[in-house]
Amino acid sequence: MKKAFFLVLVVIASASFYAYYLYNKPSIDVQKATAELYFEAKDLTKNPKIVQPHIDKIIEVKGVISEIEDSDESSIVILNGGIKCELLAKKNIQKGQTVSIKGIYTGFDEMFNEISLKKCHLVIKK
Amino acid sequence: MKKKLLFIISLVLLHFVHAQEKLITRTAKVTFESKTDTEAFSAKNTQVASILISDTKTIAFNALLKSFRFEKALMEEHFNEKYVNSETYPSAKFKGRIIENIDLNKVGMYDVSIQGKMNFHGVEQSIKTVAKVIVNDDHTINITSNFKMNLDTYQIRIPAIVKEKISEDIVVTVNAHYKKSK
């Protein structure tokens, strides 16, 4: 009887710990995670629809930097004139450079017709 | 003669097209905050796209809801899936204009009102808000504004169980730095 009571207590305790863990779980760390899908920027700008079903997934895109717009909180890097990647840490990169960037795909921004990625990081190939 | 006239007319028209100066930003910052007695939280989107046409003083914003960043993963998930339904309504849009008769080519600081339409969660709503406009020496323009959005107005239903944790009026802060588009 005592044993059963103890068991119930353990179950309740672990369940609440798990709930607490889920509730406080921080957002995903893109830098540590590996990309689920790979794209060439030129394929994506030609046909943005191919990435549409993959919202919320970490994707990696390789392309040429066509523009960089800095603010005090982040850097927006545009690949091939049509993919907007937001890097939270400023990096030493330049227009015209070919880079691979991974980030979370968040949709299509109709204002400038750009595919949008957040929490991006440069992928340095070893 | 007719040709000449047409040429002159097109020149005049071309002049008007040129006069329409477009300023843009991709790094406008939109944050929203909710604060109740039991819980406070905020989220921000630092990659909001916006256009400002200086002569007509019109402004347009497009904020992808999925681009908002939360501290906690679960909040981000609930926000997108349960409250704003971002799969169906992917962005919050605003289109409006500065009502006051100010010259956006003249360096200075202006307190203005912006009136326009907010489109969010499938609901279009007329809003009017005060804003601060700064025309900088390098002719870039800063606009900051702060206003409240009522969840009920935009048909966002908060379940009774979390009602105490989420405020009915969300405080939205907008911060944009516009540069001439190339």
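Within every chain, numbering begins at 1; the chains are lettered A, B, ... in the order of the sequence lines, protein sequences first and strands thereafter.
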Go through [options] and name the one with the most non-hydrogen pairs under 4.5 angstrom from chain A.
options: B/H177, B/R69, B/K29; answer: B/R69
options: B/E76, B/R26, B/K179, B/K93; answer: B/R26
options: B/M75, B/E77, B/E39; answer: B/E39

With a 4.5 Å heavy-atom cut-off, do [X] and [Y] have their side chains touching?
X: B/L104; Y: B/V133; result: yes
X: B/K128; Y: B/I114; result: no
X: B/K66; Y: A/I55; result: yes
X: A/L87; Y: A/L122; result: yes
X: B/T144; Y: B/I134; result: no
X: B/Y110; Y: B/V135; result: yes
X: B/N62; Y: B/F94; result: no
X: B/Y83; Y: B/R157; result: no

Derivation of the side-chain contact (heavy atoms from CB on, under 4.5 Å) call for B/F147 and B/T173: CA-CA 7 Å; B/F147 54 92; B/T173 310; over 6 Å; no
Could you look at [X] and say if it's the side chain, the backbone, both or neither that has a heavy atom under 4.5 Å from chain A?
X: B/A63; value: neither
X: B/E71; value: backbone
X: B/E87; value: side chain
X: B/S86; value: neither

Working for side-chain contact (heavy atoms from CB on, under 4.5 Å), residues B/N146 and B/V171: CA-CA 7 Å; B/N146 201 302; B/V171 178; 3.6 Å; yes
Candidate pair B/V123 and B/T153, rule side-chain contact (heavy atoms from CB on, under 4.5 Å), full reasoning: CA-CA 8 Å; B/V123 179; B/T153 308; 5.5 Å; no
B/I170 backbone acceptor or donor facing B/S167 side chain under 3.5 Å: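 Checked: no pair found.
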Within [range], which residues come under 4.5 Å of chain B, heavy atom to heavy atom?
range: residues 89-119 of chain A; value: A/T106, A/G107, A/F108, A/D109, A/E110, A/M111, A/F112, A/E114, A/S116, A/L117, A/K118, A/K119
range: residues 75-86 of chain A; value: A/I76, A/I78, A/K84, A/E86
range: residues 28-53 of chain A; value: none
range: residues 65-74 of chain A; value: A/E67, A/E69, A/D70, A/S71, A/E73, A/S74

Steps toward side-chain contact (heavy atoms from CB on, under 4.5 Å) verdict (B/L64, B/S91): CA-CA 4 Å; B/L64 282 182; B/S91 63; 4.0 Å; yes
Which atoms of A/L22 approach chain B - backbone, side chain, both or neither, heavy atom under 4.5 Å: backbone
Plane angle bin for B/F41 and B/F32 - parallel if under 30°, tilted between 30 and 60°, otherwise perpendicular: perpendicular
Greater than 12 external heavy atoms within 6.0 Å of B/K72's NZ: yes
A/K57 atom NZ: more than 12 heavy-atom contacts under 6.0 Å: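 Yes - once you tally the heavy atoms of other residues, nucleotides and ligands closer than 6.0 Å, there are more than 12.
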Pair B/N45-B/S67, side-chain donor/acceptor within less than 3.5 Å: no
Close aromatic pair by centroid cut-off 6.0 Å: B/H121 and B/Y89: yes
B/F79 and B/F70 aromatic centres sub-6.0 Å: yes
From CA spacing to verdict: side chain to side chain donor-acceptor pair (under 3.5 Å), B/Y178, B/T140: CA-CA 6 Å; B/Y178 297 91; B/T140 61; over 6 Å; no
